[in-house]
Amino acid sequence: MGATLAGLGAVGVSAAVWGTCIERYLFTVRRHDLALLPPGSPSLTVLHLSDAHMAPWQHRKQKWIARLAEEVQPDLVINTGDNLGHEDGLRGIRSAFDPLRGVPGAFVHGSNDVTGPSPRNPLRYFQGPSSRPHRGLDLDTAAMDAYFTGDLGWTDLDNAAAVLETRGLRLDAFGVSDAHREWDELEVLPGALAAIRRRPLFRRRPATALTIGVTHAPYRRVLDAFTDLGADIIFAGHTHGGQVRVPFSRSALVANCDIPRDQARGLSTWSHRGRTVPLNVSAGLGHSIYAPVRFACLPEASVLTLRATTALDSA
């Protein structure tokens with residue numbers, strides 16, 4: 001019995017060392033290929049970033065994200081929130097995102113774009129989505145938004161809709177602020193979409209090539225509404241993929257929202273009222289500074305290659 005307990009203790013210590021000292025630095029790119037665009041369209045490379053939870057001292061993460069601009073050469077960036085993990089986190093975000101200047105993009109807020117992290121008991125996540133309000137410091141959300149919109153040229157989709165343009169294609173996009181904090185205002189989106197579709201982007205109004213839905217937290221009510229509103233693809237974050245998983249299991253242990261746990265990471269589909277659309281939930285790039293661990297859940301960015309449909313795709 002003593003030898004068994006000692007062995008289990010050694011395994012536990014090894015897992016803790018791996019999760020806190022090694023795996024959380026093993027940044028990776030998760031790649032997907034989807035036929036979604038109208039026939040004859042050029043392919044689009046979409047870089048999906050989420051949950052950086054950036055602190056100013058996280059230089060390895062900053063350098064890895066910065067290299068993505070050259071390595072991926074995205075045509076579009078989708079940022080699903082929780083960028084800040086410290087009151088001075090914007091300094092690290094600038095270092096990480098500056099190489100993406102001029103790349104069309106869109107973003108929504110997570111709660112950690114507004115309020116800093118606070119210590120939490122991780123076991124409470126097994127009881128369901130966290131409900132206790134954040135007690136951290138107020139963050140400079142306005143400065144972050146000014147950087148994203150002014151310096152990078154990205155579009156704020158918090159409870160809003162907008163037209164994006166890349167590679168000569170018109171993309172209609174809409175999104176909501178953090179549904180986990182009930183900041184989502186789904187009722188405003190039908191009117192917002194109708195408004196942008198009445199406005200031509202160019203002198204010659206092109207047809208919409210793709211409609212994109214963007215949310216931080218992938219709650220069922222949001223995914224259902226996005227599907228009903230005609231999203232062709234939905235992007236989300238928030239779950240961290242579970243952050244700590246059982247190795248090789250398809251399901252996360254926790255998702256911190258009501259999405260099925262086997263959809264808490266990666267590309268899947270969401271169906272509602274007869275429509276089925278791709279759903280990409282990023283496991284994210286970071287973690288709270290009060291929970292510096294990843295286990296069987298690598299920190300990630302997603303790269304989606306969206307290509308034109310062909311007769312073979314519809315067969």
Side-chain angles (χ1 to χ4, degrees), residues 16-29 47-69 77-101 105 107-122 124-125 130 132-149 151-152 154 177-178 180-181 216-217 237-244 254 256 265 282-295 297-302:
V17 170
W18 174 266
T20 57
C21 299
I22 299 174
E23 184 169 331
R24 68 188 179 107
Y25 299 115
L26 298 180
F27 305 105
T28 190
V29 173
L47 174 61
H48 179 190
L49 302 173
S50 197
D51 296 270
H53 292 281
M54 189 68 74
W57 59 80
Q58 294 173 339
H59 299 296
R60 274 186 281 189
K61 180 162 56 179
Q62 294 162 25
K63 291 177 181 177
W64 187 86
I65 296 172
R67 289 198 298 270
L68 290 176
V77 179
I78 299 294
N79 180 318
T80 47
D82 270 5
N83 294 279
L84 305 178
H86 183 273
E87 60 185 314
D88 197 25
L90 182 55
R91 180 154 53 93
I93 287 294
R94 287 179 180 273
S95 296
F97 290 0
D98 266 358
L100 294 167
R101 287 174 184 262
F107 67 95
V108 294
H109 289 153
S111 61
N112 280 152
D113 295 313
V114 179
T115 307
S118 58
R120 291 172 178 268
N121 179 356
R124 289 191 175 185
Y125 289 105
S130 59
R132 180 166 61 87
H134 281 298
R135 297 177 181 173
L137 294 172
D138 290 342
L139 301 175
D140 196 345
T141 308
M144 184 193 74
D145 288 353
Y147 170 65
F148 285 169
T149 60
D151 292 34
L152 299 183
W154 293 354
S177 190
D178 191 0
H180 187 61
R181 294 296 165 205
H216 174 65
H238 175 70
T239 66
H240 296 193
Q243 193 163 324
V244 174
V254 296
N256 201 23
R265 178 180 69 180
S282 173
L285 288 156
H287 47 73
S288 168
I289 58 176
Y290 297 106
V293 62
R294 287 263 185 170
F295 187 81
C297 189
L298 296 173
E300 68 176 35
S302 299

**Q** Give, for atom NE2 of His53 and atom CG of Asn83, the distance between the pair rounded to the nearest 0.5 Å.
**A** 9.0 Å
**Q** Determine the minimum heavy-atom distance between Arg94 and Asp151, stating which atoms define it.
**A** NH1-OD2, 3.6 Å
**Q** My understanding is that only residues two or more places apart in sequence, or in another chain, count here; which of them pass side-chain contact (heavy atoms from CB on, under 4.5 Å) with Thr20?
**A** Val293
**Q** When rounded to the nearest 0.5 angstrom, what distance separates CG in Asn79 from CD1 in Ile93?
**A** 7.5 Å
**Q** Does the side chain of Phe107 come within less than 4.5 Å of Asp113's, by heavy atoms?
**A** no
**Q** Could you check if a side-chain atom of Val77 sits within less than 4.5 angstrom of a side-chain atom of Phe97, using non-hydrogen atoms only?
**A** no
**Q** Heavy atoms only: give me the nearest Leu84-Leu90 pair and the separation to one decimal.
**A** CD2-N, 3.7 Å
**Q** Salt bridge check: are Asp88 and Arg91 linked by an N-O gap of less than 4.0 Å?
**A** yes
**Q** How far apart are the C-alpha atoms of Trp64 and Leu26, what are their side-chain angles, what is the distance that settles it, and do they pass the side-chain contact (heavy atoms from CB on, under 4.5 Å) test?
**A** CA-CA 10 Å; Trp64 187 86; Leu26 298 180; over 6 Å; no
**Q** Whether the Thr80 and His48 side chains hold a donor-acceptor pair (N or O, under 3.5 Å, no angle test) is what I'd like checked.
**A** yes
**Q** Side chains of Asp145 and His109: any donor to acceptor distance under 3.5 Å?
**A** yes
**Q** Can you name the ring pair (Phe, Tyr, Trp, His ring centres under 6.0 Å) partners of His216, sequence neighbours left out?
**A** His238
**Q** May I ask you to test the Ser111-Asp82 pair for a side-chain heavy-atom distance under 4.5 Å?
**A** yes
**Q** Looking at every heavy atom in both Ala96 and Pro99, which two are closest together, and how far apart are they?
**A** O-CD, 3.6 Å
**Q** Is any side-chain heavy atom of Val114 less than 4.5 Å from a side-chain heavy atom of Asp178?
**A** no
**Q** If you look at every heavy atom in His86 and Pro117, which pair is closest and at what distance?
**A** N-CD, 4.4 Å
**Q** If I compare all heavy atoms of Gln62 with all of Met54, which pair ends up nearest, and what's the gap?
**A** CG-SD, 3.6 Å
**Q** Decide side-chain contact (heavy atoms from CB on, under 4.5 Å) for Ile289 and Trp57; before the verdict, give the C-alpha distance in whole Å, the side-chain angles of both, and the deciding distance to 0.1 Å.
**A** CA-CA 11 Å; Ile289 58 176; Trp57 59 80; 3.9 Å; yes
**Q** Heavy atoms only: give me the nearest Ser282-Thr239 pair and the separation to one decimal.
**A** O-OG1, 4.1 Å
**Q** Please lay out, stage by stage, how Phe27 and Ile65 fare under the test side-chain contact (heavy atoms from CB on, under 4.5 Å).
**A** CA-CA 9 Å; Phe27 305 105; Ile65 296 172; over 6 Å; no
**Q** Can you tell me how far CG of Asp51 sits from CD of Glu300, rounded to the nearest 0.5 angstrom?
**A** 10.0 Å
**Q** Once you round to the nearest 0.5 Å, how far does OH of Tyr25 lie from NZ of Lys61?
**A** 9.0 Å
**Q** Rounded to the nearest 0.5 Å, how far does NE2 of His287 lie from SG of Cys297?
**A** 11.5 Å
**Q** Once you round to the nearest 0.5 Å, how far does CG of Leu139 lie from CG of Asn112?
**A** 7.0 Å
